[in-house]
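A quick write-up on the structure given underneath.
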Protein chains: 4
Amino acid sequence: MASRERGTSSTGRPRSEEAHQAILAATLDLLAEVGYSALTVEGVAARAGVGKATIYRRWASKGPLVVEAFGLLPSFEDADTGDLGEDLKRMLRGYILAFNSTALSAVLPSLAGERAHDAELSKVFEPVSLGRRAPLLRAFERARERGEISEDLDLEMAADVVVGPIAVCLFFKGGRLNAKMVGPMVDLALQGIRKEA
Amino acid sequence: MASRERGTSSTGRPRSEEAHQAILAATLDLLAEVGYSALTVEGVAARAGVGKATIYRRWASKGPLVVEAFGLLPSFEDADTGDLGEDLKRMLRGYILAFNSTALSAVLPSLAGERAHDAELSKVFEPVSLGRRAPLLRAFERARERGEISEDLDLEMAADVVVGPIAVCLFFKGGRLNAKMVGPMVDLALQGIRKEA
Amino acid sequence: MASRERGTSSTGRPRSEEAHQAILAATLDLLAEVGYSALTVEGVAARAGVGKATIYRRWASKGPLVVEAFGLLPSFEDADTGDLGEDLKRMLRGYILAFNSTALSAVLPSLAGERAHDAELSKVFEPVSLGRRAPLLRAFERARERGEISEDLDLEMAADVVVGPIAVCLFFKGGRLNAKMVGPMVDLALQGIRKEA
Amino acid sequence: MASRERGTSSTGRPRSEEAHQAILAATLDLLAEVGYSALTVEGVAARAGVGKATIYRRWASKGPLVVEAFGLLPSFEDADTGDLGEDLKRMLRGYILAFNSTALSAVLPSLAGERAHDAELSKVFEPVSLGRRAPLLRAFERARERGEISEDLDLEMAADVVVGPIAVCLFFKGGRLNAKMVGPMVDLALQGIRKEA
DNA sequence: TCGTAAGCGAGACGGTACGTCGAGTCTTGCT
DNA sequence: AGCAAGACTCGACGTACCGTCTCGCTTACGA
């Protein structure tokens with residue numbers, strides 16, 4: 001906690017928290033409007049009413065700035081109903097709603113696509129990205145404790161199977177995500193594709 | 001086919017096929033080296049030994065150029081062994097190998113990420129993207145004919161469940177794809193996550 | 001005389017003579033308005049309706065640009081009346097008039113002051129500066145041929161003595177130059193300060 | 001005189017004389033090193049180990065600061081030998097030596113050049129500039145009292161004729177000043193350019 | 001066999017954004 | 001109050017590409 005303290009005893013004028021927030025807000029605004037690649041630091045500065053130097057003093061480039069802004073966007077909201085299928089359906093439905101009502105749908109693909117070529121960006125994006133998956137994994141852990149799923153199931157992989165179709169829609173079908181698809185999708189992942197013997 | 005004919009009966013010097021190929025090759029080279037967002041038309045022209053106008057005469061911008069170059073990269077290679085699981089495993093393993101040995105791993109995330117903000121790009125990317133999934137869907141169709149899977153299964157969704165984990169790895173785990181993960185992954189998708197009663 | 005040929009066989013689009021002139025004109029305008037040190041390349045580009053790169057393609061920095069613009073301003077206009085004093089008075093009067101009616105009074109001190117710290121500027125300024133003195137020296141040479149002045153007089157130094165007071169006014173008295181001062185000034189320099197025996 | 005008193009009776013901590021001197025010294029240092037136009041207040045503050053505000057509290061901008069620093073540099077040192085020519089030669093020789101061994105040669109042209117466009121700077125530079133000429137004019141006054149020069153000679157103009165060549169060298173010949181040129185120069189100015197009848 | 005029409009490499013064009021620097025001002029906590 | 005430190009907004013720097021536009025020069029076809 002308390003990320004406010006800095007190692008050095010902080011001499012000179014302290015950085016303006018107000019400017020910090022204005023920059024992040026402007027970044028989210030613009031991301032939603034024009035997307036990652038068309039986002040310019042100059043534009044963010046203008047929108048935030050801030051000098052460019054004030055941005056570069058805090059973030060090395062637009063990548064980390066966008067990652068921090070991204071971190072403010074909603075993620076999975078944990079749901080604990082006692083049933084894995086129900087938990088997953090609630091979480092995914094909530095996520096899709098958040099997706100369609102915030103800059104998420106504009107930011108996430110951009111960031112994910114960019115990290116492939118930008119080691120620096122990848123490094124700062126990693127923990128944020130993992131942190132957002134945590135509620136999902138917790139649902140699987142609870143299911144394991146309840147005996148709903150096999151003891152030696154790879155939970156990471158299971159989570160990937162569940163959210164995978166959303167990723168595919170997002171990146172390859174260009175399409176708007178629809179909360180209605182969640183039910184069948186989760187059912188299919190839980191029961192398996194192959195016909196039950 | 002035959003993209004060579006143009007509506008107008010083509011008087012004057014014909015476009016150089018040599019230049020065309022050089023441009024696409026240079027594009028793939030540079031995509032692998034620097035990624036989509038750092039790729040510049042100027043750089044492609046220089047690498048291909050071509051004037052910028054020669055590029056803009058054929059492609060409106062870097063988006064469509066990259067999409068066309070992307071279309072040259074390998075996709076799923078159909079495998080028909082008589083068993084859905086085996087088909088899928090072979091296709092995915094082959095794909096992952098292609099992925100790690102060509103510019104694919106650099107190009108695909110970039111393009112997929114960019115399309116979210118670029119309607120034009122999205123439009124040209126769509127058919128290419130769908131075409132590449134076709135072998136996968138065919139395998140499912142064969143399995144349905146063989147009775148391996150339920151008659152009323154949504155094949156699109158099933159395909160998404162199978163390749164989903166790969167997409168997740170690619171976009172969110174920054175990770176190199178490993179052909180070894182394919183076996184358990186396909187098995188899990190086919191049998192389902194929930195413990196069999 | 002044919003300064004248009006360039007050593008290299010000049011491939012690509014040729015540089016726009018129109019832009020060249022617009023830039024020099026804008027430079028002179030702005031020099032007269034704001035002076036050398038407040039002159040910005042950005043401002044020149046805007047005034048000339050030209051991109052910054054078009055300026056930097058021709059001149060390495062604002063120094064050489066200003067020097068070239070300076071070279072367009074009027075200098076001494078030769079006068080040959082058969083009398084050294086009369087020649088000098090006419091030339092200096094004409095020069096002072098030019099001085100007060102063009103950007104000269106703004107440009108010359110700035111450039112002269114700047115060259116002290118800028119070797120590059122000094123180098124390009126040198127020939128221009130010397131060229132402008134030439135008519136003055138020619139008047140002294142004619143006077144020597146006529147026997148008006150001693151055979152072994154250092155003409156350079158004599159020229160300096162004549163124009164020196166103008167330089168002093170210009171740099172240290174901040175003052176507007178007045179054509180009326182020319183007569184007594186030239187007389188004093190020609191006859192000497194010390195009372196004639 | 002006594003610039004220490006301020007109108008208000010000065011409550012609070014008094015201004016540090018130490019900082020004042022450090023700033024002026026740093027200014028002279030940097031002027032000699034990089035010249036007027038490349039001199040930055042930021043640089044002066046850093047060199048002097050002082051906050052920028054401490055400089056702006058005393059001087060409105062770099063112009064007046066430099067003028068004050070300039071005032072610390074040596075000027076003509078009066079010489080009274082009973083002969084005008086000798087007085088002038090001694091003074092000018094001394095001045096040239098000072099010129100070549102201090103920041104003078106860097107500061108003087110810059111300031112003189114800048115004042116043309118900067119009314120504020122011109123205003124503060126004026127008295128300093130005039131004050132420095134005073135010893136020169138006194139020599140002429142003594143010569144007039146001794147009858148060496150005509151009663152109705154314009155002393156200002158005479159002084160300009162004598163120092164003019166130095167100014168010309170300084171501003172237009174880019175050149176280092178050489179004490180050897182003083183003798184002939186003064187002689188020429190005193191005796192006149194025109195051959196004696 | 002030639003003229004005409006388009007494509008070609010090269011590179012300049014007017015722009016926009018980059019990331020940096022300094023100007024002059026404004027907090028901090030300390031003296 | 002002044003001090004050093006350093007963040008603030010602003011604006012210019014010089015560079016890199018954008019997508020467009022001449023240049024002088026190939027090609028190829030159709031008259």
Side-chain angles (χ1 to χ4, degrees), chain A residues 8-16 18-20 38-46 48-58 60-62, chain B residues 6 8-16 18-20 38-46 48-62, chain C residues 8-16 18-20 38-46 48-58 60-62, chain D residues 8 10-16 18-19 38-43 45-46 48-62:
Chain A
T8 57
S9 60
S10 151
T11 175
R13 178 175 174 176
R15 295 194 179 166
S16 157
E18 196 180 344
H20 201 91
L39 179 117
T40 68
V41 174
E42 202 131 306
V44 171
V50 138
K52 277 198 288 177
T54 300
I55 297 182
Y56 284 109
R57 206 174 286 122
R58 294 152 201 265
S61 62
K62 92 173 167 176
Chain B
R6 270 183 298 289
T8 57
S9 60
S10 132
T11 181
R13 178 175 176 175
R15 293 190 180 169
S16 157
E18 197 180 345
H20 201 92
L39 179 117
T40 67
V41 173
E42 201 130 309
V44 171
V50 137
K52 278 199 288 177
T54 301
I55 297 181
Y56 282 109
R57 207 174 286 122
R58 294 150 201 267
W59 296 277
S61 63
K62 93 173 168 176
Chain C
T8 58
S9 60
S10 154
T11 177
R13 178 173 174 176
R15 295 193 179 168
S16 158
E18 196 181 343
H20 201 93
L39 179 117
T40 67
V41 174
E42 201 131 307
V44 172
V50 137
K52 277 198 286 177
T54 300
I55 297 181
Y56 283 110
R57 208 173 283 123
R58 294 151 200 267
S61 61
K62 91 173 169 178
Chain D
T8 56
S10 129
T11 178
R13 178 175 175 176
R15 294 191 180 169
S16 156
E18 196 179 345
L39 179 116
T40 67
V41 173
E42 201 130 307
V50 137
K52 278 201 287 178
T54 302
I55 296 181
Y56 283 109
R57 207 173 287 122
R58 293 152 201 265
W59 296 278
S61 62
K62 92 172 168 177

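Every value quoted in this text rests on a predicted model; they were computed, and no experiment measured them. These numbers come from the heavy atoms of this one structure, side chains and all, not from hydrogens, waters or symmetry mates. By convention in this document, chain letters (A, B, ...) are assigned in the order of the sequence lines, proteins followed by strands, and residues within each chain are numbered from 1.
- Remark: C:R15 is not in phosphate contact with E:dA10, judged by side-chain N or O atoms under 4.0 Å from OP1 or OP2.
- When each of D:Y56 and C:G51 is assigned the nucleotide of DNA chain E with its nearest heavy atom, C:G51 is the one assigned upstream, toward the 5' end.
- Applying the 3.5 Å distance criterion, the base of E:dG9 shares no donor-acceptor pair with the side chain of B:K52.
- If you measure from atom CD1 of D:I55 to atom P of E:dT25, you get 13 Å, rounded to the nearest angstrom.
- Whole-Å rounding puts the A:R58 CZ to F:dC8 P distance at 4 Å.
- Checked against E:dA10, F:dT9, F:dC18, the side chain of B:E42 finds its nearest nucleotide in F:dC18.
- The minimum heavy-atom distance linking C:K62 with C:L39 is given by the pair NZ-O, 3.0 Å.
- Across all strands shown, D:G43 has no heavy atoms under 4.0 Å from either base or sugar-phosphate atoms.
- For B:R57 (side chain) and B:R15 (main-chain N/O), no donor-acceptor pair under 3.5 Å exists by modelled atom type.
- Each of A:A48 and B:S61 was assigned the nucleotide of DNA chain F with the nearest heavy atom; the assignment lying further toward the 5' end belongs to A:A48.
- In terms of phosphate contacts, B:R13 brings no side-chain nitrogen or oxygen within less than 4.0 Å of OP1 or OP2 of E:dA6.
- Checking the phosphate oxygens (OP1, OP2) of E:dC13, a side-chain nitrogen or oxygen of C:T54 falls inside 4.0 Å.
- Between E:dG24, E:dA17, E:dA5, one nucleotide has an atom nearer to the side chain of A:T40 than all others, and that is E:dA17.
- The minimum heavy-atom distance linking C:A45 with C:G51 is given by the pair CB-C, 4.2 Å.
- Closest-nucleotide positions on DNA chain F for B:G12 and A:V50 were compared, and the one nearer the 5' end corresponds to A:V50.
- Rounded to a whole Å, the CD atom of B:E18 is 9 Å from the P atom of E:dG9.
- Under 4.0 angstrom from either OP1 or OP2 of F:dC8 there lies at least one side-chain N or O belonging to A:R57.
- The two residues C:R58 and C:A19 have their closest heavy-atom pair at NH2-CB, 4.2 Å.
- Considering only side-chain atoms of B:S16, the nucleotide from F:dC8, E:dC8, E:dA10 that sits closest is E:dC8.
- Contact between C:V44 and C:I55 at its shortest, heavy atoms only, is CG1-CD1, 3.7 Å.
- Residue order along DNA chain E, read from the 5' end via each residue's closest nucleotide, puts C:A53 first among C:A53 and A:A60.
- Among the protein residues, D:A45 comes within range of no part of the nucleic acid, since none of its heavy atoms lies under 4.0 Å from any strand.
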